[in-house]
**Student:** 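Input: one structure, supplied below.
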Amino acid sequence: MDFVNIEKKWNEKWEKDNLYKFDPTRLDKKYYLLEMFSYPSGANLHLGHWWNFGLSDSFGRFKRLKGFNVFQPMGFDAFGLPAENYALKTGIHPEDSTRYNIEVMERQLREMGATFNWDYELVTCNPDYYKWTQWLFVQLYKKGLAYQKEAPVNFCPKCNTIIANEQVVNGLCERCDSEVQHKNMRQWFFKITDYADELLAGLDKLDWPEKTKALQRNWIGKSVGAEVDFYTEDGLKLTVFTSRADTLYGVSFLVIAPENKLTEKLIKPEQEKVVREYIENAAKKDEIERTSTTTPKTGVFTGSYVINPLTGDKVPVFVADYVIASYATGIVMGVAAHDERDFDFAKKYNLQIKRVVNDANGNEVELPFTDYGKLCNSEEFDGMTSAQAKEKIVEKLIALGKGRFKTNYRLRDWSVARQRYWGCPIPMIHCPKCGTVPVPEKDLPVMLPHATDYKPDGEGPLGKCEEFINTTCPVCGGKARREADTMDTFVDSSFYMLRYPEAQHNDNEIFSRDYINKIGPVDCYVGGVEHATGHLLYSRFISKFLRDIGMLDFDEPFQRLIHQGMILGNDGRKMSKRNGAKNADDYVREFGSDALRLHMMFSLKYIEGGPWSDDGVKHMKSFMERVERICLKWATLEGDSAPETKAEKDLEFVLNKTIKDYEESFETFSFNVAVARLMELVNAMYKYDTVENKNIALCKKTLKDLVILFAPAAPHFAEELWQQIGEEYSVHNQSYPACDESKIVLDTIEIAVQVNSKIVSRTNIATSWTNEQVLENVKADEKVAALIAGKTIVKEIVVPGRIVNLIVR
RNA sequence: GCUGGUGUGGCGGAAUGGCAGACGCACGGGACUUAAAAUCCCGAGUUCGAAAGGACGUAUGGGUUCGACUCCCAUCACCAGCACCA
């Protein structure tokens, strides 16, 4: 078979016939399958694209065979920095290069012959898409969830923009590896923190990899504890957050972050010089230096003391740069006896290490933190666990009015503004009279101008575009300026899965409430794990928000999530030209895409990925030829003798077992096992082929089922073979073959026989036998009889169809 | 440090607590061929043995069980994420 040319032929025919058209009226058995859409990079489709799109396309095809009305749209995440950086290098406008790249990539994706529903294509840089990105912004603004504040932000000096926490990797910009600077700027945020608890709780019911759920839990970082108010002699309140309120009796010192507003008020004149010097130094250090676990904690005494609300102890207050100003209250209590690093800190600055406190009688008492009775010098704490002690102590604080239960989250609000050109304009207007007001919905979209000066200047290049920036205030009609920033591209992608079903309509709504609730949420979402704390979290947040404003009945956009593993170079490192990276096209042209697809399915676990080795591609071609030979031979067999032979039953067994196992393997994305099952069936066919007097009807059925089973894994090959064996177009409109359970129950099977849990023999038994009959037969076995002779059988275990174990003494 | 994951032949990898290593690669052998390729068939965890057969085997050490790759506890190694988060 000429694999390369038949692919072209069928791709064209399928596309012409619109074979995989999604039927929006038949939603009772819909299946919404989605791969994370890609950034139009303009490069040729590489192996990673095939790995992602090709194999999940096979999954979609499988679902179609199973009778599902599969919705599998495709689009492009088209705004973003790469196009702009490319523009700065080449002078080609981001819009032009992006349009061109989309054209190239779309053509290649279509050439894959995949079942994507191109008639629902979305491109995030199209005004009819970003109209809804802006609409979303306005809705969030109206609910107080989009807001501006002056805040320390991550600023990438090379990209000249603010980036989100999620885009900072080890203090470096994830795109260009520049060291990220920390600036105070007035910025737009989405209040994702309002949903922290719900985002956490919602994870439990999702069919997602445990790993990904853990990543999100970790990222949200819920910490249940308490706030404790300490007062200085001057009556200044310092509130600390602690998850270990039970150690309150052992507080040796308090530490405040240099940036905390209260720090100023704590500095006593005699300490002024050293403290200022310290703060100045701290400001120079970057976050990594400050928060590295390897560098010892340093700090400086402010000169102030506070009173421990429970013990009345006088506790010194330090400034230290390891305390993070933005987490919780930015003030921490140090318990030297409990925490190793607090211990080191206390020793370094000669602070009292409160292993001992004075009890009511003035005697010194040891402070083990498990002995709460003694610790608190009160019988009411006797024998308490840490958790019980925590609760009791906080209750005492509440009674004193000096503390409360408190939960903190590591999650910060989502910084969404970018000082870049190639993004969705933020639909806000700054009016000198009315302040900041949203663009009225009827005026959306705010069009991104085809600017000529898109060079980033740290303030938003749109600010230099006069015809864009100058506008009138929608409230008072006076002169006003538009917001010059654009949105993070993760805003674009946070709702695309909800917009897809409506991609064909440019209505007055982002989507029809009725329709989205029937077709959504996404049943299965396929994409990389690298989006665990970014895109996947943002999308969940936006879904919950849309639910809250009455747009959605569901609040989790992705029911099931599959991460494909990464294909690595042959040296196990990220793929590059040096370690064997090739364009997928090189293989497609030589062996055909089906051979490539089969090899990818078979050679690595989809979910784990691994180093790429291409030896197998040619073997898959051989395998397909082997399949073709037997199929074409069997297709021409004539007559219909039906001998009841063992060989025939063996083949029937393998066929039906394959039908069953293949399905299971596909459902769990275990494509490697699925292909192995196909090979087993083919081997069984060859074995049966040696039989002289064949059951022709069985051969024909096997052959037909085999070709259908191949349809998801090797779509062009299966279609061609389907035609060649004389079946009616198209194999992709067939139903998945039914497994005849009666054929996978054999009359006789071989089971293992154990004596004292050790295999001593194998014997054939009839499956119709009762356990008693099986035992009787097993005991009659020569070897077994010899072993049990003269001994007492203590226990007889029969696992039907598996094993017999006789315990003798 | 915390969280999650992984650990099975030379390699990729199979195994609802029930015959470990399916399927394939590489390897060896045979058939066909003048020969090679292709194809078809057979073999193969390691080790002792001529063979029959035996011993040892799923990172390590324990445990539960008639029986553990699978469940539990501890340890080690590697991968990933978070990390003076109080």
Side-chain angles (χ1 to χ4, degrees), chain A residues 169-170 209-223 225-226 240-245 247 254-255 257 288 290-298 320-324 326-335 338-342 344-345 408-411 529-530 532-533 566 572 599 602-605 607-608 610-613 615-616 618-620 622-623 625-626 629 661 664-665 670 672-683 686-687 689-690 750-762 794-808:
Chain A
V169 180
N170 289 331
E210 211 38 59
K211 170 175 49 173
T212 315
K213 292 193 198 181
L215 283 173
Q216 289 206 353
R217 285 192 191 105
N218 215 329
W219 190 258
I220 294 166
K222 183 174 182 172
S223 176
V240 306
F241 173 72
T242 177
S243 61
R244 290 299 305 270
T247 64
L254 246 56
V255 196
I288 305 174
R290 283 177 55 164
T291 58
S292 158
T293 37
T294 51
T295 49
K297 291 175 173 180
T298 63
D321 59 10
Y322 70 83
V323 177
I324 297 161
S326 53
Y327 181 74
T329 62
I331 311 173
V332 181
M333 63 188 212
V335 184
H338 175 255
D339 181 280
E340 202 182 320
R341 273 194 295 264
D342 282 352
D344 293 341
F345 191 89
N408 264 306
Y409 297 90
R410 208 190 70 97
L411 184 72
V529 68
E530 67 273 15
T533 54
M566 224 207 297
H599 171 64
F602 183 62
S603 69
L604 292 167
K605 298 197 222 189
I607 287 164
E608 286 174 23
W612 171 250
S613 117
D615 305 341
K618 65 171 187 285
H619 298 124
M620 281 303 163
S622 308
F623 171 56
E625 282 163 349
R626 179 174 156 87
R629 276 192 297 274
D661 292 354
E664 269 177 33
S665 305
S670 308
N672 54 339
V673 183
V675 176
R677 297 287 172 256
L678 286 183
M679 289 172 168
E680 279 165 350
L681 178 55
V682 173
N683 289 345
Y686 269 87
K687 194 167 176 193
D689 194 47
T690 60
E750 193 189 67
I751 62 162
V753 184
Q754 297 180 328
V755 173
N756 286 344
S757 306
K758 206 172 141 179
I759 293 165
V760 296
S761 172
R762 289 181 173 82
V794 190
K795 197 168 179 182
E796 293 168 335
I797 295 138
V798 182
V799 183
R802 298 277 189 186
I803 211 160
V804 172
N805 191 1
L806 303 176
I807 309 302
V808 299

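Order of the sequence lines fixes the chain letters, A, B, ..., with proteins taken first and strands second; residue numbering starts at 1 for each chain. Keep in mind that the numbers below use all heavy atoms, side chains included, and drop hydrogens, waters and symmetry copies.
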**Student:** What's E750(A) touching, base or sugar-phosphate or nothing? Going by heavy atoms closer than 4.0 Å.
**Tutor:**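 Counting heavy atoms under 4.0 Å across all strands, the contact made by E750(A) includes a base.
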**Student:** Just the rounded figure in Å: distance from P of C25(B) to CH2 of W612(A).
**Tutor:** 16 Å
**Student:** Could you tell me whether K758(A) contacts a base, only the sugar-phosphate backbone, or nothing, with contacts defined as non-hydrogen atoms closer than 4.0 Å?
**Tutor:**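 Result for K758(A) = sugar-phosphate.
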**Student:** Can you measure E796(A) atom CD to G18(B) atom C1' for me and round it to whole angstrom units?
**Tutor:**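 My rounded result for the distance is 17 Å.
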**Student:** Scan S622(A) against the nucleic acid and name what it touches under 4.0 Å (heavy atoms): base, sugar-phosphate only, or nothing.
**Tutor:** sugar-phosphate
**Student:** Measure from the side chain of R677(A), starting at C-beta and using heavy atoms only, and say which of C85(B), G18(B), A14(B) lies closest.
**Tutor:** A14(B)
**Student:** Where does G9(B) land, syn or anti, given syn is within 90° of 0?
**Tutor:**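 This nucleotide is in syn.
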**Student:** Scan every strand shown for a Watson-Crick or G-U wobble partner of C2(B), both distances under 3.5 Å, and answer none if you come up empty.
**Tutor:**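 Looking at the geometry, C2(B) pairs with G81(B).
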**Student:** Send over the distance from H619(A) NE2 to U39(B) P, rounded to a whole Å.
**Tutor:**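 Interatomic distance, NE2 of H619(A) to P of U39(B): 9 Å.
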**Student:** According to the Watson-Crick and G-U wobble definitions, with both distances under 3.5 Å, which nucleotide is paired to U64(B)?
**Tutor:** none
**Student:** Between C19(B) atom C1' and I759(A) atom CD1, what is the distance in whole Å?
**Tutor:** 4 Å
**Student:** Among G4(B), U39(B), A14(B), find the nucleotide with the atom closest to the side chain of A214(A).
**Tutor:** G4(B)
**Student:** What interatomic distance, in whole Å, is found between P of A14(B) and the corresponding atom of U64(B)?
**Tutor:**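 Pairwise P distance, U64(B) against A14(B), rounds to 31 Å.
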**Student:** Given atom NE2 of H599(A) and atom P of G13(B), what is their separation to the nearest angstrom?
**Tutor:** 11 Å
**Student:** Across the strands shown, which category fits D342(A) at heavy-atom distances under 4.0 angstrom: base, sugar-phosphate, nothing?
**Tutor:**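 Answer is nothing: D342(A) stays at 4.0 Å or more from every strand.
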**Student:** Please pick, from A22(B), C66(B), A86(B), the nucleotide with the shortest atom-to-atom distance to any side-chain atom of S243(A).
**Tutor:**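 Taking heavy atoms from C-beta onward, the closest nucleotide is A86(B).
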**Student:** Nearest to the side chain of S757(A), which nucleotide is it out of A14(B), C23(B), G67(B)?
**Tutor:**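 Within the option list, the nearest is G67(B).
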**Student:** Roughly, in whole Å, what's the span from CG in N756(A) to P in C66(B)?
**Tutor:**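 Computing the N756(A):CG to C66(B):P distance gives 12 Å.
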**Student:** Can you check whether any acceptor in the base of C82(B) is under 3.5 Å from a donor in the side chain of N218(A), or vice versa?
**Tutor:**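 Check fails, no donor-acceptor contact within cut-off.
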**Student:** State which of A14(B), C19(B), C84(B) makes the closest approach to the side chain of K297(A).
**Tutor:**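 Of A14(B), C19(B), C84(B), C84(B) is nearest to the side chain of K297(A).
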**Student:** Which part of the nucleic acid does Y686(A) contact within heavy-atom distance under 4.0 Å: base, sugar-phosphate only, or nothing?
**Tutor:** sugar-phosphate
**Student:** Is there a Watson-Crick or G-U wobble partner for U33(B) with both distances under 3.5 Å, and if so, which one is it?
**Tutor:** none
**Student:** Across all strands shown, which nucleotide pairs with G43(B) by Watson-Crick or G-U wobble geometry, both distances under 3.5 Å?
**Tutor:** C27(B)
**Student:** Which nucleotide, A86(B), C23(B), G18(B), lies nearest any side-chain atom of Q754(A)?
**Tutor:** G18(B)
**Student:** Of the nucleotides A14(B), G5(B), G24(B), which one has an atom closest to the side chain of N683(A)?
**Tutor:**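 The answer is G24(B).
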**Student:** Working to the nearest 0.5 angstrom, can you tell me the gap between H599(A) NE2 and K618(A) NZ?
**Tutor:** 10.0 Å
**Student:** Is there, by distance only and without an angle test, a donor paired with an acceptor across the side chain of R762(A) and the base of C19(B) below 3.5 Å?
**Tutor:**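 Under the 3.5 Å cut-off, the side chain and the base do form a donor-acceptor pair.
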**Student:** Determine the interatomic distance between C1' on G43(B) and the same-named atom on A26(B); round to the nearest Å.
**Tutor:**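 15 Å, rounded to whole Å.
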**Student:** Counting side-chain heavy atoms from C-beta on, which of C19(B), G67(B), A55(B) comes nearest to R802(A)?
**Tutor:** C19(B)
**Student:** Taking the minimum atom-to-atom distance to the side chain of N805(A), which one of A86(B), G67(B), C84(B) wins?
**Tutor:**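 Nearest listed nucleotide: G67(B).
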**Student:** Among G4(B), C40(B), A86(B), which is the nearest nucleotide to the side chain of I324(A)?
**Tutor:**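 When the side chain of I324(A) is considered, A86(B) is the closest of G4(B), C40(B), A86(B).
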